[in-house]
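Let me begin by presenting the structure, written as structure tokens, before commenting on it.
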Amino acid sequence: MLTIPCPHCGPRDEAEFVCGGQSHLARPDLASADQDWAPYLFIRDNPKGMHHERWRHAAGCGLWFNLARDTATHEIVGAYDIAAHPPECRR
Amino acid sequence: MSGSRLPSGGRIDRTRPLRFSFDGRNYDGYAGDTLASALLANGVEIVGRSFKYHRPRGLYAAGAEEMNALVQLESGALTEPNRSATGILLYDGLSARSVNTAPDAARDWRALFDRFGRFLPAGFYYKTFMWPHWRLFEGPIRRAAGLGTAPEVPDPDLYAQVNTQCELLVVGTGPAGLAAALAAAPSGAQILVLEAEHEPGGSSLWTADEALASWCRDALTALRARANVRILAATTAFGYYDHNLVAAVERPASGRFRERLWKIRADRVILASGAIERPLVFPGNDLPGVMLASAVARYARQFGVKAGERAVIVTNNDEAGIDDLRAAGIDIAAVIDVRDEVGPLRAGGRRRVTAVETRHGRIACDLVCVAGGWSPTVHLFSQSGGSLRFCNVRLMFVPDRAVQAIACAGAANGTLAAAAAIAEGWTLGGGTPAPDLPDLKCGTASRPPAIWSSPSSGKAFVDYANDVTKADIALAARENYVSVEHLKRYTTLGMGPDQGKTSNVNGLVLLGEATARAPGAVGTTRFRPPYTPVSFGALVGARTGERFRPRKQLPAHCWHAGRGAAFEDYGWQRPDAYPRFGESIMEAARREAAAVRQGAGLFDASPIGKIEVRGTDAARFLDFIYVQTMSTLKVGRIRYGLMLDENGVVIDDGVAIRLADDHFLLHPTSAAADRIATWLDEWLQCEFPAWQVTIVNVTAQWGTVTLSGPEAWSHLDHLLVDIDLDPVRFPHLSFMATAIGEVPARIARVSFTGEASYEISVPASYTASLLEALAENPAVTPYGIEALTILRMEKGYLHVGTDTDGTTVPADIGFGTGIAKKKSDFVGRRSLLRHEASREDRLQLVGLSSDRLLPVGAHATADMRPTCPSDGYVTSACESPTLGRPIALALIRRGRSRIGERVRLYDLGRFHEAQIVNPVFVDPEGVRLR
């Protein structure tokens, strides 16, 4: 059970949050090829190590934000605004 | 064994005698006893039967590692299976039975299984009971090799749960734990100290070292005086999770709740959970009367119970606590140190131990004290992700590298001597200078412990809880289960109640011997939560019965109840129908539906989703969300729309109302209201964070009442004289924000019945008044969900999730045209451009006409074989009161091009016939909506 630092409310228990999966996915436009649309729909990274996800503080402020998390050690490197770029993309 | 109460001594209160019963016989004990110590004091030798062979078993240990004395505590609703007698504080009137014995532990008839022991080795049933089918044998085997029985009636007790946090969590109140807490206390940090036993103090409660005992008493007194230290006794830390979350369960001896689950987020954890003494492996080592040496000392000193008169000590180390045994007044017949080349050794006796047999002869005794070395209680450290290291000198797994903020002190760290344990705890607690230590006896280990197991033949047990013997481990090794994880699963070693507490090291040492590997090379399985069994009650807490999922009642619930509504749970408690005397629900629903078609009906639509979307970018946001274009909608008008997910699949439908240029009100499906509001917010926040849009879910803020039917307007016009609701000036799909008297009201001309409808929303608390006012006219019939379902089916209105599935795209349900003309992108649009989404052989929504009512879920089949591929299925069906015959909606392959065809449908062994028709059975022109 993680302690997640909500950028707006501070550190809170994981039970208050909902994970929205991998972050920083660029949504292809209507003219995109099937080969570009399919990965957007279905293909996700599954790294052992640093991962960037979006989480929602469902039982708190209700806001979505990005989280950089190590999937192997459960270390949380940082939480940052939903619109921001990852501070340091170590993938 | 002939246990008895010592004339004096122990921490029991001899002025408070208690009565209890075990296996139907009555006994006496004292306050401060555990069930185990009281049984021992009463000379009860056989406290249980072994799991597989039903061998007689006596008490083996005094702490959480006891796995023979598992009892069924109490009976009826209060019963608790598989409680270890060592963890049950005695109370007056306690009643317990041994588990899985018949008629009781002393006389269990299944003891004859033991004679066939050599036919029942590890994994025997995988090999033996294959023909004709395992299923035939499973029942009897499971009954034979079982534990206690689960209660069959609801538990009347309360279970509490607490979330808390602290700066320092100390697990264990032995010398090391007390020293750690004491050293940390002056810093003012919030410190929580957990003790699994009913009384804090750990080993100081039974040590023969008075200086140690008094130092610990003083430490406890000092800690209790501090406001920043909280000590919880009878609380077992059983799980260690990510980010230093420790779960513990408290079992208070009395109080309002039976158990309390603690979820503790600690900045730092000091694990001072002590160590567990190990058995030695020799034939007969499970006979009643063979006990851990430390347990014998503890029963004597803490509970004033003498486990036997004449003891033989069998040890492989110098830390067997022989002084403690002597201090307890036990006559020691012999000390057998297995490091002295003792050769074959076995314990003899039938129902209890009567002698130890060695090559030098037979030593008569009624108690064998076994000291096989110590295993640090590293379960929580291992659960936290920390690695363990096998110490070849001390023969134990000790904590190695921690990955969370946890450190081990004292015996849990392999430091057995009390003085060193205190020093270790003190240092971890941040204490400087060194503590004012008493003059403690120091361990004087002259020789390291030895790896040993008796070469004698006969059942020598490694895991008492699961009846795993030395021979079983050799068998597993022979059959190439040489990984410790495979060994565990093949033989069940360390599974079940033991969880490796006593069996782990002996098992892997033997596996190492069988495979010529050092114990460190064999390694250990990772310990997993829970350390000791945790009841479902503690984990569930108060979330049972009515509190499991609170019922959502309509604002006008009482009004409906007063009208005789039959309620059903649709997320909200909603009227299914208003049956009259003698009417079934469906009869009532057909009557109500007919009343709507012929006159006017009144429906409580309050749960309908109400989401306000407002802001300068609201219109273009909704263009992105809906398949339909919403930015062209005029203020005061209403448009039906579909929502898709990114796969192009329909996830919801409903109307959007334009309240102002920058203000919309969406009506998603009742059951989807919260989910859709959250989903909209995710799109807005994550995809368009710069757009000026606000989303507010106001579903529960407004109560919504629908008056529907050809006479709806005339009834309403009569009631709301100030408001012009004339259907010409206020036609279908238009909206007005107005007031009924002083009460704000929103009136929408939308229909889910196919009849002209007025959907009136008022602040939720006015719903019942509005219903009452409208229902005063006896010509207005209240109708429920079932009638609405009939009405919408007759009109061919689909219900997303009922008449659509996880593959349905807009074209499948008749909304394919017009999409191409929309200029902007919307959720799921790109997926609709795939070839798959426009195939002609997709399942399409159609109507079915039949003589008999079709079962929902019946599949269309191309031929008479039920195994042939499905050509679609029935999604909704009812007896139509308007048409006087059954109708159905269905998703049928190429359905729209097959109107008029007959299809055969299969369901649960029966075939049905139907004709494919237009899904709109009533008023296809829509004249009744106006």
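The shown structure was predicted, so the numbers you read here are calculated from the model rather than taken from an experiment. Numbers restart at 1 for each chain; the letters A, B, ... are given by sequence-line order, proteins then strands.
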For residues 30-39 of chain A, which side-chain donor-acceptor pairs fall under 3.5 Å, sequence neighbours excluded?
| from | atom 1 | to | atom 2 | distance (Å) |
| --- | --- | --- | --- | --- |
| Ser32(A) | OG | Asp29(A) | O | 2.7 |
| Ser32(A) | OG | Arg830(B) | NE | 3.4 |
| Asp34(A) | OD1 | Arg830(B) | NH1 | 3.3 |
| Asp34(A) | OD1 | Arg830(B) | NH2 | 2.4 |
| Trp37(A) | NE1 | Ser831(B) | OG | 2.7 |

Residues of residues 58-72 of chain A near chain B, each having a heavy atom less than 4.5 Å away: Gly62(A), Leu63(A), Trp64(A)
Can you see which heavy atom on Thr678(B) is nearest to which on Arg56(A), and at what distance? CG2-NH1, 3.6 Å
Looking at every heavy atom in both Arg54(A) and Glu682(B), which two are closest together, and how far apart are they? NH2-OE2, 2.7 Å
Please report the closest heavy-atom contact between Arg27(A) and Glu687(B), naming both atoms and the distance. CB-OE2, 3.5 Å
Contact summary for Asp13(A) and Arg265(B), nearest pair of heavy atoms: OD2-NH2, 2.6 Å
What residues of residues 160-169 of chain B make heavy-atom contacts with chain A at a cutoff under 4.5 angstrom? none
Between Ile82(A) and chain B, with a heavy-atom cut-off of 4.5 Å, which part of the residue counts as in contact: side chain, backbone, both or neither? side chain
Just so I know, are the side chains of Met1(A) and Lys263(B) near enough to count as touching, which here means a heavy-atom distance under 4.5 Å? no
Determine whether Thr73(A) and Val403(B) satisfy the following criterion, side chain to side chain contact (heavy atoms under 4.5 Å, CB included), listing intermediate values before the conclusion. CA-CA 8 Å; Thr73(A) 65; Val403(B) 299; over 6 Å; no
Taking atom CZ of Arg543(B) as the centre, does the number of heavy atoms from other residues, nucleotides or ligands within less than 6.0 Å exceed 12? yes
Tell me every residue that passes salt bridge (Lys or Arg N to Asp or Glu O under 4.0 Å) with Asp623(B), counting only those two or more places apart in sequence or in another chain. none
Taking side chain as everything from C-beta outward and backbone as N, CA, C, O, which of these in Phe688(B) sits under 4.5 Å from a heavy atom of chain A? Side chain, backbone, both or neither. neither
